[in-house]
Amino acid sequence: MDTDVLIVGAGPTGLMLANQLARRNINTLIIDQHPGPSLETRALGVQARTLEIYSHLGIVERAIELGKRGTGANIWAQGEHRARVALSDVGDKVTPYPFVLILGQDDNERIMGDHLRELGCSVQWNTGLVSVTQQADSVTAVIKQAEGSQRKVVAAWVAGCDGARSTVRESCGIAFAGAPYEHVFFVADTEVTGRMVPDEVNVYLFQDGFHLLFPMRGKDHWRIVGILPPELRNKPDLRFEAVVPSLQNEAGDQLQIKSCSWFSTYRIHHRAAVHFRDRRCFLLGDAAHIHSPVGAQGMNTGLQDAYNLAWKLTLVIKKQAKTALLDSYEQERLPVARALLHGTDRAFRFIVSDSWIPGLLRTRVLSRLAAFAANRNAVQRLAFRTVSQTGVRYRKSSLSKSLNGLPENAPHAGDRFPWLRLKFTADGAVEDLFQKLCDTHFSLILVGQSNFTGETPELNGLLHTYVVPADPTNDEELARTRISQPSFYLIRPDGYVGLCGASIESADIQDYFTENLHLLIQRAASA
Ligand SMILES: Cc1cc2nc3c(=O)[nH]c(=O)nc-3n(C[C@H](O)[C@H](O)[C@H](O)COP(=O)(O)OP(=O)(O)OC[C@H]3O[C@@H](n4cnc5c(N)ncnc54)[C@H](O)[C@@H]3O)c2cc1C
């Protein structure tokens with residue numbers, strides 16, 4: 001065996017997976033057909049859930065330092081400012097990062113690439129996958145090297161992080177169901193001045209589409225994303241100047257363009273692979289799902305795929321779990337991708353419909369709806385949880401088991417465990433739970449379980465236990481996040497609740513580890 005995991009593709013998804021595996025000491029080979037890292041900004045919005053993962057990886061400070069915090073979104077229609085949605089107000093109890101970080105994909109890739117090198121692993125550039133063939137206990141990959149020669153690599157597992165035209169997906173014969181949109185997007189990195197609200201996202205709605213202006217690092221730097229006017233769709237060698245009249249028409253003639261450093265057009269598709277796994281090969285990121293950029297979810301979803309798979313692959317490779325654990329990757333991530341495709345497709349079709357009725361609705365009704373929603377906390381909270389991806393949950397997964405006794409509105413198995421600040425000793429300081437929990441371990445949180453005397457199973461240090469003592473600060477935090485007392489929560493390495501209930505029993509935990517997680521542990525002898 002040449003490597004435990006062959007990662008094909010060193011875009012954001014492949015780099016995240018490589019980082020997660022390297023820090024868990026898994027032997028990994030990551031290849032990319034390009035000669036070096038991409039210099040294009042492409043995706044720009046880094047969501048709160050991604051920043052939480054960056055924090056565990058130790059790169060969040062660097063990302064925040066390089067990026068710009070987008071703390072609100074503003075809706076404009078017919079030249080007027082119609083609504084503002086304040087992200088920081090609704091998200092500040094949900095996550096340590098209540099904003100969208102505006103940071104280009106190239107910067108994200110650079111930060112992850114640097115960190116990967118610090119972990120002792122580097123991308124092999126100029127190395128393209130040609131094909132894969134699977135055997136019972138390995139995969140043989142044919143790869144093409146810079147000088148054109150081919151060689152074989154035998155890996156225990158292959159991760160296809162190779163983008164929309166994935167060779168891994170094609171080699172496995174997995175269909176990529178969906179269709180292209182007729183619309184063509186343009187994207188431009190510009191220096192402009194105008195009436196935009198500084199440091200915030202500005203959305204201009206108009207009869208035939210929309211323009212999004214994202215603040216970028218540097219004075220007056222804005223990323224503009226929009227739909228090409230139909231008459232420009234098939235023009236060859238299109239330049240930014242061609243879209244300026246439509247921009248000024250909708251964003252107002254106060255919009256003064258100083259320069260444009262990058263302009264590109266692209267036709268988008270909405271597609272999802274019908275399976276995310278074929279035996280020893282997995283699909284992640286754009287190889288598994290692509291959709292409209294509405295909502296800045298694409299790159300973030302790929303990063304979450306990688307985070308979901310990494311801890312599971314690690315346990316299987318280290319022979320601490322049976323391969324059945326890996327079935328939960330598709331079970332959990334495919335529904336997330338389908339829901340995302342459905343949501344972004346509906347939003348996109350509504351926003352860009354060419355018919356005059358939705359056009360009228362868009363500018364009049366949508367902007368009023370946005371203004372109405374901006375004043376409704378519940379709507380804002382739902383919007384924040386959706387866009388930030390902190391609301392993603394896996395309640396139907398075979399890894400999610402809620403025992404009796406918890407109130408309906410308490411966090412349940414499959415939910416991301418909420419962000420809490422707690423005291424872990426009666427006279428100790430208040431600590432940030434996310435900082436305290438280690439994402440390479442399982443964590444058991446015990447609230448009011450003073451009678452628990454049973455042993456937690458022997459997991460070779462894989463399980464850390466935290467007792468939350470009775471304390472007024474703790475009571476307040478628990479009540480805020482609807483965690484009832486008594487209760488217990490077993491949290492997976494990726495921060496999702498695996499098992500929970502009102503009263504803990506050793507046998508329940510052991511059953512969960514062996515039957516749901518398929519961990520290879522010794523059952524404690526019954527008393
Ligand atoms: C112009 C543009 C603008 C975009 N804007 C946004 C945005 O604003 N917001 C957003 O969320 N998303 C946006 N996206 C989408 C976003 O860029 C993707 O979701 C993201 O790049 C997915 O990351 P990935 O790592 O899964 O795939 P990719 O970034 O596509 O990386 C795949 C990698 O695999 C490599 N590869 C492919 N085939 C092989 C092979 N056979 N062998 C070896 N290596 C291979 C490629 O060289 C590439 O480096 C945009 C995309 C484009 C094109």
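Every value quoted in this text rests on a predicted model; they were computed, and no experiment measured them. Each ligand, and each atom within it, is numbered from 1 in the order the structure gives.
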Ser328-Lys312 side chain donor-acceptor pair, cut-off 3.5 Å:
yes

Gln297 versus Thr301, side-chain donor and acceptor atoms under 3.5 Å:
no

How about Lys318: does its NZ atom have over 12 heavy atoms from other parts shown lying under 6.0 Å from it?
yes

Using a 3.5 Å cut-off on N/O to N/O, what pairs does ligand 1 make with the protein? A line per pair would be great.
from     : atom 1 : to     : atom 2 : distance (Å)
ligand 1 : 11 (O) : Gly298 : N      : 3.0
ligand 1 : 11 (O) : Met299 : N      : 3.4
ligand 1 : 17 (O) : Gln105 : OE1    : 2.7
ligand 1 : 19 (O) : Asp286 : OD1    : 2.8
ligand 1 : 19 (O) : Asp286 : OD2    : 3.4
ligand 1 : 21 (O) : Gln105 : OE1    : 3.4
ligand 1 : 21 (O) : Gln105 : NE2    : 2.8
ligand 1 : 25 (O) : Pro12  : N      : 3.3
ligand 1 : 25 (O) : Thr13  : N      : 3.0
ligand 1 : 25 (O) : Thr13  : OG1    : 3.2
ligand 1 : 26 (O) : Thr13  : OG1    : 2.8
ligand 1 : 26 (O) : Asp286 : N      : 2.9
ligand 1 : 29 (O) : Arg42  : NH2    : 3.0
ligand 1 : 41 (N) : Leu129 : O      : 3.2
ligand 1 : 41 (N) : Thr167 : OG1    : 3.0
ligand 1 : 42 (N) : Leu129 : N      : 2.8
ligand 1 : 44 (N) : Gln33  : N      : 3.1
ligand 1 : 47 (O) : Asp32  : OD1    : 2.7
ligand 1 : 47 (O) : His34  : ND1    : 3.1
ligand 1 : 49 (O) : Asp32  : OD1    : 3.4
ligand 1 : 49 (O) : Asp32  : OD2    : 2.6

With a 3.5 Å cut-off and no angle check, do the side chains of Gln33 and Asn126 form a donor-acceptor pair?
no

Give a yes or no on this: more than 12 heavy atoms of other residues, nucleotides or ligands lie within 6.0 Å of atom NZ of Lys219.
no

Let me know which of Arg279, Arg333, Arg277 forms a salt bridge (Lys or Arg N to Asp or Glu O under 4.0 Å) with Asp327.
Arg277

